[in-house]
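By convention here, the first residue in the shown sequence is residue 1. Note that the coordinates shown come from a computational prediction; the quantities given were computed from them, not determined experimentally.
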Amino acid sequence: MVQEHPVAEAALLTLLRDPLLRETRFTVTETATGQERTRTLSLGYGADGIRGTADDPPAGAWTERTVYDNRERPTLHISFEGVVTEFRYYPQSGQLSQQRFFDNLT
């Protein structure tokens, strides 16, 4: 038997912290499925791995992100290294038709 439950943002994983206090942070979509929108590694928080300290790099460093369409399918993924993957779908079936890879957003 399968049960469906509405997903509240508070119930979604938004932070992982290891015993050394290094953090990995997540943001999620506001939809019922709560798909991962961004993930920021602790490397993005400087050598100490703790957010909000003086050694933090500029905002967005060590963050990957995913963009979804109105059918909640990924359309764009930008990796930690800045590599871009574009996902294209067949209009009628909705199946994935292409994955295109680029070195950056330009």
Side-chain angles (χ1 to χ4, degrees):
M1 181 166 106
V2 176
Q3 294 182 341
E4 293 186 18
H5 301 281
V7 178
E9 184 173 342
L12 298 173
L13 179 68
T14 59
L15 172 67
L16 288 175
R17 185 176 292 136
D18 72 13
L20 298 176
L21 301 179
R22 294 176 296 210
E23 300 174 348
T24 299
R25 292 188 173 260
F26 304 88
T27 61
V28 296
T29 61
E30 291 84 24
T31 63
T33 56
Q35 294 170 300
E36 184 180 300
R37 181 179 291 148
T38 65
R39 179 170 61 135
T40 302
L41 296 179
S42 58
L43 297 172
Y45 304 138
D48 62 7
I50 301 171
R51 182 181 188 192
T53 57
D55 67 343
D56 291 0
W62 295 104
T63 297
E64 70 173 3
R65 69 186 170 112
T66 305
V67 178
Y68 300 91
D69 66 12
N70 59 353
R71 293 175 70 183
E72 299 185 34
R73 301 173 300 192
T75 56
L76 195 67
H77 178 265
I78 304 162
S79 73
F80 298 114
E81 298 83 10
V83 175
V84 176
T85 306
E86 179 184 39
F87 301 91
R88 293 188 176 191
Y89 300 89
Y90 291 110
Q92 287 147 346
S93 70
Q95 291 181 317
L96 183 65
S97 63
Q98 286 184 331
Q99 283 185 338
R100 301 176 67 199
F101 301 93
F102 305 94
D103 290 334
N104 54 49
L105 281 172
T106 56

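Rounding to the nearest 0.5 angstrom, the gap separating the CZ atom in Arg39 from the OG1 atom in Thr27 is 11.5 Å.
Applying the salt bridge (charged side-chain N to carboxylate O under 4.0 Å, His left out) criterion to Arg100, with sequence neighbours excluded, gives Glu86. Taking the salt bridge (charged side-chain N to carboxylate O under 4.0 Å, His left out) definition, one finds that Arg65 meets it with nothing, sequence neighbours left out. With sequence neighbours left out, Val84 forms a side-chain contact (heavy atoms from CB on, under 4.5 Å) with Leu76, Ile78, Phe102, Leu105.
With hydrogens and angles disregarded, no donor-acceptor distance shorter than 3.5 Å links the side chain of Thr38 to the backbone of Glu64. Listed for the Tyr68 side chain is a donor-acceptor partner under 3.5 Å among the backbone atoms of Glu36. Under a 3.5 Å cut-off, the side chain of Ser97 and the backbone N or O of Arg88 do form a donor-acceptor pair.
Judged by a 6.0 Å distance limit and a 45° cone about the ring axis, Arg73 is not positioned over the six-membered ring of Phe87.
Using a 4.5 Å heavy-atom cutoff, the side chains of Thr40 and Phe26 are not in contact. Looking at Gln99 and His77, their side chains never come closer than 4.5 Å, going by heavy atoms from C-beta outward. The side-chain heavy atoms of Thr29 and Gln35, taken from C-beta on, include a pair separated by under 4.5 Å.
Heavy atoms of other residues, nucleotides or ligands lying less than 6.0 angstrom from CG of Asp18 number more than 12. With a 6.0 Å radius and a threshold of 12 heavy atoms from other residues, nucleotides or ligands, Tyr90 has its OH atom at or below the threshold.
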